[in-house]
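What follows is a short report on a single structure.
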Amino acid sequence: MKIGYPCINQTLDCSSSRTFRLASYSEQRLIETVSQNLACLQRILEYNVANGLLFFRLTSDLVPFASHEINQYNWQQHFKPQFRELGNYIKQHQLRISMHPDQFVVLNSPNPQTVKNSIAELAYQGSVLDLMELDTTAKLQIHGGGAYGDKGSAIARFAEVYHTQLPDAVKARLCVENDDRTYSLLDCLRLHELTGMPIIFDNLHHECVNNGEPMREAVEIAASTWHPERDGILMMDYSAQAPAERRGKHVQSISESLFHDFLVETEGLDMDIMLEIKDKEASALKAVAVASELGRL
DNA sequence: CGCGGTCAAGTGGCT
DNA sequence: AGCCACTTGACCGCG
């Protein structure tokens, strides 16, 4: 089991998500920003290794406007050595890596332009992992998308786009995650059956939307969609509801007792856990301690 | 130099 | 009808 956190490290004094406004775009600015982002990413990875945080989600902002038409620069070629070096570090320390394209990536949108933009964004994020020369256990994580009043058709449209429009390099890494209002675990299972994509399980989303599966059973269902050789072990997002806040809002800081209970409930199941908690590595470090005490690491 | 409005992109639920 | 939340605030103009 590897434990980690997404995108941002609050201890270090650098960010790998630096970007700029579209109006400020220039090739020079792009090169400078990417250069700084990659340098910071290396520092974050070193921090993670030093602290036993072996699962990390790369920010979508690593390369600003990477899938936007304004960006015609061959950044892949320019930064190839840096990406490879990062990849070497990742492989050397056996870090698990994911990326999570944001909410604008919707493969089943009725708007063809949205689908086109989505595919371009997936191609960009996949190419980051490819440039790092990571194997297909490094994943891209998206949601089912919209339902548009007819989820059955939306699911069929997703599968159609998957089979007819997605590059193989994206398909090799793409996973679907249950969301907190539209695509339940069972809906994701349907998408899995139609495409072969593994399911990334989110416990908080499952609490929001489910078909009555107890937590352990839900984890087992998601885990069964992963081919160990091709995909590695199950990835999951772990969070807890922020008290007295909107349903689905993430807590500020981990509850060690809730996390302890979750690990006890899933005893014997192997998985890598991404902590979607506002205070980032602070909670991830507490989670590592809890998991370590339970002998799960 | 700090504050606050705004930023490439979508969707659905809540107020 | 508009706002908010989402994997994550960061940028930039203005005072």
Side-chain angles (χ1 to χ4, degrees), chain A residues 4-10 12-26 29-30 32-33 36-37 40-41 44 55-71 97-125 139-151 154 157-158 161 175-184 187 200-205 208-209 235-239 241-242 245-252 273-284:
Chain A
Y5 61 99
C7 306
I8 292 170
N9 181 296
Q10 299 179 329
L12 300 173
D13 60 356
C14 72
S15 163
S16 62
S17 334
R18 294 199 54 199
T19 183
F20 47 85
R21 301 286 170 86
L22 181 56
S24 313
Y25 184 90
S26 76
R29 179 111 188 225
L30 177 77
E32 283 170 8
T33 303
Q36 291 170 13
N37 284 345
C40 181
L41 178 57
I44 293 175
F55 188 15
F56 190 65
R57 179 183 299 161
L58 308 187
T59 172
S60 304
D61 287 333
L62 217 47
V63 181
F65 301 101
S67 68
H68 192 283
E69 63 179 12
I70 199 174
N71 184 346
I97 297 294
S98 67
M99 295 184 79
H100 194 335
D102 57 32
Q103 63 269 31
F104 309 108
V105 171
V106 183
L107 286 181
N108 58 12
S109 173
N111 179 350
Q113 190 59 48
T114 301
V115 175
K116 198 176 163 211
N117 294 346
S118 298
I119 293 170
E121 180 68 15
L122 287 170
Y124 146 58
Q125 301 207 14
K139 292 301 189 188
L140 300 175
Q141 160 180 7
I142 65 171
H143 293 293
Y148 312 97
D150 179 358
K151 206 191 291 179
R157 205 159 55 240
F158 188 114
V161 169
C175 302
V176 64
E177 175 201 350
N178 58 309
D179 67 64
D180 62 353
R181 44 176 180 244
T182 310
Y183 285 83
S184 68
D187 295 325
I200 291 182
F201 180 69
D202 185 306
N203 73 303
L204 179 57
H205 294 168
C208 296
V209 178
M235 283 181 179
M236 73 162 285
D237 290 346
Y238 176 89
S239 192
Q241 172 69 43
E245 290 275 4
R246 261 179 78 112
R247 193 182 65 148
K249 191 172 161 79
H250 295 154
V251 279
Q252 178 62 33
I273 302 182
M274 177 68 58
L275 290 167
E276 291 188 338
I277 312 264
K278 296 288 181 199
D279 70 0
K280 303 290 177 186
E281 73 274 12
S283 284

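Lettering follows sequence order; numbering is per chain, from 1. Since the structure is predicted, the reported quantities are computational estimates derived from the model, not experimental observations.
Within residues 273-280 of chain A, the residues having any heavy atom under 4.0 Å from DNA chain C are, by residue number, A/Glu276, A/Lys278, A/Lys280.
Rounded to a whole Å, the CG atom of A/Leu12 is 19 Å from the P atom of C/dT8. Atom CG of A/Asp180 is separated from atom C1' of C/dA5 by 8 Å (rounded to the nearest Å). The distance between atom NE2 of A/His143 and atom C1' of B/dG12, rounded to the nearest whole Å, is 13 Å. Residue A/Tyr183 contributes atom OH, which lies 12 Å from atom C1' of B/dG12 at whole-angstrom precision. Atom CD of A/Glu121 is separated from atom P of B/dA9 by 13 Å (rounded to the nearest Å). At whole-Å resolution of the value, CZ in A/Phe20 and P in C/dG13 are 14 Å apart. Between the CG atom of A/Leu22 and the P atom of C/dC11 there is a distance of 15 Å, rounded to whole Å. Atom P of nucleotide B/dA9 and atom NE2 of A/His68 are separated by 8 Å, given to the nearest angstrom.
Between A/Ser24 and A/Gln10, the residue whose closest nucleotide on DNA chain C is further toward the 5' end is A/Gln10.
A donor-acceptor contact shorter than 3.5 Å links the side chain of A/Asn108 to the backbone of A/Gly144. Put simply, the side chain of A/Asp61 never gets that close to the backbone of A/Pro64: no donor and acceptor are under 3.5 Å apart. No donor-acceptor distance shorter than 3.5 angstrom exists from the side chain of A/Asp279 to the backbone of A/Ala282, with no hydrogens or angles considered. In terms of modelled atom types and a separation under 3.5 Å, the side chain of A/Asn37 and the main chain of A/Leu62 share a donor-acceptor contact.
For the pair A/Thr114 and B/dG10, the criterion of a side-chain N or O lying under 4.0 Å from OP1 or OP2 is met. Between C/dC12 and A/Arg29, a contact under 4.0 Å exists linking OP1 or OP2 to a side-chain N or O. Proximity of A/Thr19 to the phosphate of B/dC7: no side-chain N or O atom is located under 4.0 Å from OP1 or OP2.
By the disulfide (SG to SG under 2.5 Å) test, A/Cys40 pairs with A/Cys14, sequence neighbours left out. For A/Glu121, the salt bridge (Lys or Arg N to Asp or Glu O under 4.0 Å) criterion is met by no residue, not counting sequence neighbours. Partners of A/Lys151 under the salt bridge (Lys or Arg N to Asp or Glu O under 4.0 Å) rule, at least two apart in sequence or in another chain, are A/Asp187.
In plain terms, the two heavy atoms of A/Ser98 and A/Phe55 that are nearest each other are OG-CE1, 4.0 Å.
With C/dG9, C/dA10, B/dA8 as the candidates, the nucleotide lying closest to the side chain of A/Ser67 is B/dA8. Distance from the side chain of A/Phe104 is smallest to B/dG10 among C/dC11, B/dG10, C/dA10. Among the nucleotides B/dG12, B/dT11, C/dC6, the one closest to any side-chain atom of A/Gln103 is C/dC6.
Counting any heavy atom pair closer than 4.0 Å across all strands shown, A/Phe65 reaches a base atom. Residue A/Ser98 is out of contact with every strand shown, counting any heavy-atom pair closer than 4.0 Å. Backbone-only contact: A/Ser109 has heavy atoms under 4.0 Å from sugar-phosphate atoms and none from a base.
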Q. With Watson-Crick and G-U wobble geometry limited to distances under 3.5 Å, how should the secondary structure of DNA chain C be encoded in dot-bracket form, using | for bases paired to another strand and [ ] for crossing pairs?
A. ||||||..|||||||

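With A/Leu107 as reference, A/Val161 is the one residue of A/Val176, A/Val161, A/Thr114 to meet the side-chain contact (heavy atoms from CB on, under 4.5 Å) rule.
Comparing B/dG2 with C/dT8, their P atoms are spaced 27 Å from each other, to the whole Å. Straight-line distance between the C1' atoms of C/dA1 and B/dA8: roughly 24 Å, to the nearest whole Å. Look at the P atom in both B/dC3 and C/dC6: the space between them is 25 Å, to the nearest Å. For the P atom pair drawn from B/dT6 and C/dC3, the interatomic distance equals 11 Å after rounding to whole Å.
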Pairwise N/O distances under 3.5 Å, protein to nucleotides 1-5 of chain B:
residue	atom	partner	partner atom	Å
B/dG5	N2	A/Arg21	NH2	2.9

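A/Phe20 has its ring centre less than 6.0 Å from the ring centre of A/Phe65.
A/Glu177 and A/His100 share a donor-acceptor pair across their side chains, judged by distance under 3.5 Å alone.
Salt bridge status for A/Asp237 with A/Arg57: present, with a side-chain N to carboxylate O gap under 4.0 Å.
For B/dT11, its base sits under 3.5 Å from the side chain of A/Arg181 at one donor and acceptor pair at least.
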Q) Yes or no on side-chain contact (heavy atoms from CB on, under 4.5 Å) for A/Ile8 and A/Thr59, after CA distance, side-chain angles and deciding distance? A) CA-CA 8 Å; A/Ile8 292 170; A/Thr59 172; over 6 Å; no

